[in-house]
Amino acid sequence: MEPIYSNSCKYTMENLMESSAATMPKWYKPYCYAFCAVFLALAVYGFVKGSLMGILFLIFAAVIMVVYWRKTVASARTVYKHNMEKYGQETETRIFFYDDSIVGKNLQSGSAVTTEYDKVQSIIETKNLFILKMSINMVILVDKNGFIGNNGADFADFIKGKCPNARKK
């Protein structure tokens, strides 16, 4: 049986960063931005009042933004480093989409995993990827430019139709 779609995806640092940012909990980014805004407002208030507390609040705002950025980078860097240590190169996968299942194969390890479409909890579309989130610690990255044999132009409609219960982002 031939797959409906085939995709090749390299787990580059860029792809992992994009995936990490996109799969961050919904509350995390607004939470960081809100606290940053509060601390910036307090910093401005402190500067207007001539208080040195303005500097402290400005530092707090900067620390929150650094923590947000570092969390995104740290998770991507951890996966990338693990792959480089284990395989000596960036991991590359082939994802095959059949009528009733998805088969993912890691080209470095040779291992393959099969899952059904109803296991996909959410579909996240980013600039370069479709991210199929299965559970908290498992995602399938589908490179928008990595379709083999066809251009994948209607893949978004296909995957959304196959996973009607998945949240779309």
Side-chain angles (χ1 to χ4, degrees), residues 1-33 63-169:
M1 177 183 210
E2 286 294 311
I4 299 168
Y5 290 95
S6 299
N7 187 271
S8 173
C9 184
K10 274 197 172 186
Y11 283 52
T12 63
M13 189 61 178
E14 180 182 342
N15 282 346
L16 291 169
M17 288 277 295
E18 196 169 320
S19 172
S20 179
T23 57
M24 194 77 58
K26 278 185 174 183
W27 60 267
Y28 190 73
K29 186 175 183 178
Y31 177 82
C32 288
Y33 281 175
V63 166
I64 285 177
M65 291 316 297
V66 168
V67 166
Y68 170 75
W69 182 77
R70 293 277 304 160
K71 182 170 175 61
T72 302
V73 172
S75 63
R77 190 174 289 148
T78 299
V79 172
Y80 187 82
K81 183 179 175 185
H82 172 75
N83 290 343
M84 293 302 284
E85 288 172 355
K86 189 170 183 176
Y87 305 118
Q89 61 186 351
E90 295 172 336
T91 300
E92 186 172 355
T93 60
R94 292 287 190 277
I95 309 297
F96 303 100
F97 297 88
Y98 294 96
D99 191 44
D100 60 347
S101 63
I102 304 169
V103 177
K105 183 173 183 179
N106 179 319
L107 298 184
Q108 280 65 42
S109 71
S111 63
V113 177
T114 301
T115 191
E116 290 76 33
Y117 291 104
D118 64 353
K119 302 281 191 240
V120 176
Q121 295 176 348
S122 64
I123 302 167
I124 304 166
E125 186 173 357
T126 65
K127 178 183 171 191
N128 298 305
L129 301 169
F130 289 102
I131 303 164
L132 309 180
K133 190 171 182 183
M134 311 306 258
S135 66
I136 293 173
N137 292 323
M138 185 175 165
V139 296
I140 297 172
L141 301 184
V142 181
D143 190 333
K144 287 183 175 179
N145 297 314
F147 286 96
I148 302 166
N150 58 29
N151 64 9
D154 56 346
F155 178 76
D157 292 333
F158 167 80
I159 197 66
K160 289 172 185 172
K162 286 291 188 181
C163 307
N165 297 327
R167 292 184 316 261
K168 284 91 174 163
K169 300 179 185 178

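Heavy-atom basis, side chains included; hydrogens, waters and symmetry copies ignored.
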Side chain to side chain contact (heavy atoms under 4.5 Å, CB included) evaluation trace for Ser6 with Arg94: CA-CA 7 Å; Ser6 299; Arg94 292 287 190 277; over 6 Å; no

Check the surroundings of atom OH in Tyr31: do more than 12 heavy atoms from other residues, nucleotides or ligands lie under 6.0 Å from it? no

So, for Tyr33 and Met65, which heavy atoms are closest and what is the spacing to 0.1 Å? CE2-CE, 3.1 Å

Work out which heavy atom in Gln108 is nearest to a heavy atom in Gln89; give both atom names and the distance. NE2-NE2, 3.0 Å

Output all residues satisfying side-chain contact (heavy atoms from CB on, under 4.5 Å) with Ala166, sequence neighbours left out; order by chain, then residue number. Val120, Ile123, Cys163

Would you mind reporting whether Tyr87 and Asn106 have side-chain heavy atoms less than 4.5 Å apart? yes

Return the set of residues passing salt bridge (Lys or Arg N to Asp or Glu O under 4.0 Å) with Asp99 (not counting sequence neighbours), or none when no residue passes. Lys162

Closest heavy-atom pair, Thr23 versus Lys133, reported as atoms and distance to 0.1 Å, is O-NZ, 4.0 Å

Closer than 3.5 angstrom, by distance alone: can the side chain of Asn15 be matched with the main-chain N or O of Lys10 as a donor-acceptor pair? yes

Between Tyr68 and Lys29, the two heavy atoms sitting closest are OH-CD, 3.4 Å

Name the orientation class of the two ring planes belonging to Phe158 and Tyr5 (parallel below 30°, tilted from 30 to 60°, perpendicular beyond 60°). tilted

Within 6.0 Å of NZ in Lys168, more than 12 heavy atoms from elsewhere: yes

Enter the distance from Ile4:CD1 to Ile159:CD1 here, rounded to the nearest 0.5 Å. 9.5 Å

Of the non-hydrogen atoms in Asn145 and Asp143, which two are nearest, and what is the gap between them? N-OD1, 2.8 Å

Is the backbone N or O of Gly152 less than 3.5 Å from a side-chain atom of Lys144, with the two atoms forming a donor-acceptor pair by type? no

Those residues that, when tested against Met13, pass side-chain contact (heavy atoms from CB on, under 4.5 Å) (two or more places apart): Met17, Ala76, Arg77, Tyr80

Counting heavy atoms not belonging to Glu14, are there more than 12 under 6.0 Å from its CD? no

Calculate, to the nearest 0.5 Å, the distance between atoms NZ and OG1 belonging to Lys119 and Thr114 respectively. 12.5 Å

Enter the distance from Ile95:CD1 to Leu132:CG here, rounded to the nearest 0.5 Å. 8.5 Å

Which pair of heavy atoms, one from Ser19 and one from Leu141, lies closest together, and at what distance? OG-CD2, 3.5 Å

Supply the atom-to-atom distance Phe96 CZ to Glu2 CD, rounded to the nearest 0.5 angstrom. 10.0 Å

Once rounded to the nearest 0.5 Å, what's the spacing between atom CE of Met134 and atom CD of Gln121? 8.5 Å

Do side-chain atoms of Glu125 reach the backbone of Ala156 as a donor and acceptor pair under 3.5 angstrom? no

Rounding to 0.5 Å, atoms CZ (Phe130) and CZ (Phe147) come to a distance of 6.0 Å

Are Phe97 and Pro3 packed together at the side-chain level, in the sense that at least one heavy-atom pair is separated by less than 4.5 angstrom? no

